[in-house]
Q: 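Let me begin by handing over the structure; questions about it come next.
A, B, ... follow the sequence lines: proteins, then strands. Residue 1 opens every chain.
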Amino acid sequence: MNPVSDVLPSNSEAQVIRAKLHAWFLSHGRDLPWRRLPSPYAVLVSEFMLQQTQVATVIPYFERWMLRFPTVEALANAAESDVLQHWQGLGYYSRARNLHAAAKVVVAQFGAELPSDPALLIKLPGVGAYTAGAIASFAFDRPAAAVDANIARVLARLGDLRLAVDSTAGAAALWEHARGLLPEVSGGREHTSALMELGALVCTSKRPQCLVCPIHEHCHTREPETLPFKAPRKGSVRLDEDAAWIVKNGALLLEQQTGRRAGGLWKLPPLQTRPDTEPVFQTVYPFTHHRITLRVFEENPIGSAAPNQRWFPLPEVLEGAALTAPHRRALESLLAR
DNA sequence: AAGTCGGGGGC
DNA sequence: GCCCCAGACTT
C-alpha cells in the first residue's frame, strides 16, 4: 500500500469546492488594508512584508510604508537608508533591499507598471514562485496558483498528502493540487484569498475547526492535526554578543553593519572580549535556530570612530538610525535610565 | 537539498 | 521552550 495518498479532485468537484470557498469567503473574509484598494504596488509591498511574517505584525508597517512611499516611483527614488528606516523591526532585511531593487526594475523596465504575468514577476528580485502567483492573483485577478504556508496546510489536508510539504516532491504535489483547483479565466483574487483565509481562520495549524469548514465533505484526511508533514528542525544554538555603550560629548557611537544579513543597519559597536564589569543592559533574542544573549557594557571613548562608525546625537539617535530590534530595545532602555 | 535569515506571536 | 508565519536566496 502506498503511504502517500494525495487525492486530487476531479474538474467537476473542483468547481464545487471553488463555489463553496467563494461563498464562505464573502461572509467570513477579513477586511485587510491591502485588500481594500488592491493597487498592484500595494499588493507588491504587502506580499514582501508578509513573507514569513504574520498579518497582525505587518499591518502597522504597511500603513506607515504606504504613507511614506505611496507609489512605486516614490520607492524607486528613495534612499536605501530611508527604506531600511521604515523596515526596521520587521526582520529579514534582505526583503527590504529586494523590494527597493524590484521597484527600480519596475520603473526602469516596465514603465512603473507591474507586469501581470507570473513568468515576468518571478524575475523581480525577492519574488519567488509564491509571490509571483500571489501578485498575479491579488493584483490582476488572474487564475495563478500560489502556495503559501496556509494554502499548503489546507491542500495537504484536503488531499491527505503525506509528503513533507517543504520537500521538493511535496511542494510539487501541492502546486499541482493548487493548479487543479484554479478557476479558468479570472477570479484568481477571491479564489486564492479564500483558500488562504480558510487556512488562517479555520484550517489552522493547531486545533483546526473542521466542523465549520465549508469544504469539510471534500477533505480526505482523517487526522488533520497531524498534517502537514515537515522536515525535522535543528536544535537551537546559544551564542553571546557583547557590545559597547560609548558616549562622547552627548553623542553615541554606532557601527554600520555590512553584508547580506542586516547590511545597512546600525548597531552598538561589538566587543571582541567581554569586559570584567557588569553589563548595563542584557537581553535574550532568538532568530531562526539561534538564541543570542546580548550584553551591553559601558566603555570609555577611545581614539576616533572607525570608517564604518559614526557619532549620533543622543536624543535624536532613535529617529536617525535604523537598528535591529534587539539593539533598539537596548538603546531605548539605556536612554531611559 | 540543506542552510540561512538577526522579527514576533502564541501556547 | 518550541512551533509557526502570505518565502526567497545562497551554497
Q: Taking only residues two or more places apart in sequence, or in another chain, which ones meet A:Glu316 in a salt bridge (Lys or Arg N to Asp or Glu O under 4.0 Å)?
A: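 With neighbours one apart ignored, the set is empty.
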
Q: Of the nucleotides C:dG7, C:dC2, C:dA6, which has the atom closest to the A:Gln51 side chain?
A: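 Looking only at side-chain atoms, A:Gln51 lies closest to C:dG7.
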
Q: So if I define the base as every atom that isn't primed, P, OP1 or OP2, how would nucleotides 2-11 of chain B read as a B/S/- string at a heavy-atom cutoff under 4.0 Å?
A: --SBBBBS--

Q: In whole angstrom, what separates A:Phe48's CZ from C:dG7's P?
A: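 Those two atoms, CZ and P, are 13 Å apart.
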
Q: For DNA chain B, please output the secondary structure as dot-bracket, reading 5' to 3'. Pairs are Watson-Crick or G-U wobble, both atom distances under 3.5 Å; mark crossing pairs with [ ], other-strand partners with |, unpaired with a dot.
A: |||||.|||||

Q: Can any side-chain N or O of A:Ser333 pair as donor or acceptor with the backbone N or O of A:Arg329 at less than 3.5 Å?
A: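 Judged by distance alone, no pair lies under 3.5 Å.
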
Q: What parts of residues 113-126 of chain A reach DNA chain C, counting only heavy atoms under 4.0 Å away?
A: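 Listed by number, they are A:Pro125, A:Gly126.
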
Q: Here's a test of your reading of the structure: between A:Ala149 and A:Arg291, which maps to the more 5' nucleotide of DNA chain C?
A: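 Whichever sits nearer the 5' end wins; that is A:Arg291.
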
Q: Please work out which residues in residues 174-189 of chain A have a non-hydrogen atom less than 4.0 Å from an atom of DNA chain C and list them by number.
A: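 When residues 174-189 of chain A is checked for heavy atoms under 4.0 Å from DNA chain C, there are no hits whatsoever.
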
Q: A:Trp34: what forms a ring pair (Phe, Tyr, Trp, His ring centres under 6.0 Å) with it, not counting sequence neighbours?
A: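 For A:Trp34 the ring pair (Phe, Tyr, Trp, His ring centres under 6.0 Å) partners, ignoring immediate neighbours, are A:Phe62.
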
Q: Which sits closer to the 5' end of DNA chain C, A:Lys230 or A:Val127, going by the nucleotide each is nearest to?
A: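 This one resolves to A:Lys230.
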
Q: Could you tell me whether A:Trp34 contacts a base, only the sugar-phosphate backbone, or nothing, with contacts defined as non-hydrogen atoms closer than 4.0 Å?
A: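 A:Trp34: base contact, heavy atoms under 4.0 Å.
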
Q: Mind checking if A:Thr168 touches a base, just sugar-phosphate, or nothing, with heavy atoms under 4.0 Å?
A: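 Sugar-phosphate contact only.
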
Q: Hydrophobic cluster membership, with links at side-chain heavy-atom distances under 4.5 Å among I/L/V/M/F/W/Y: are A:Trp175 and A:Ile122 in one?
A: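 Different clusters.
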
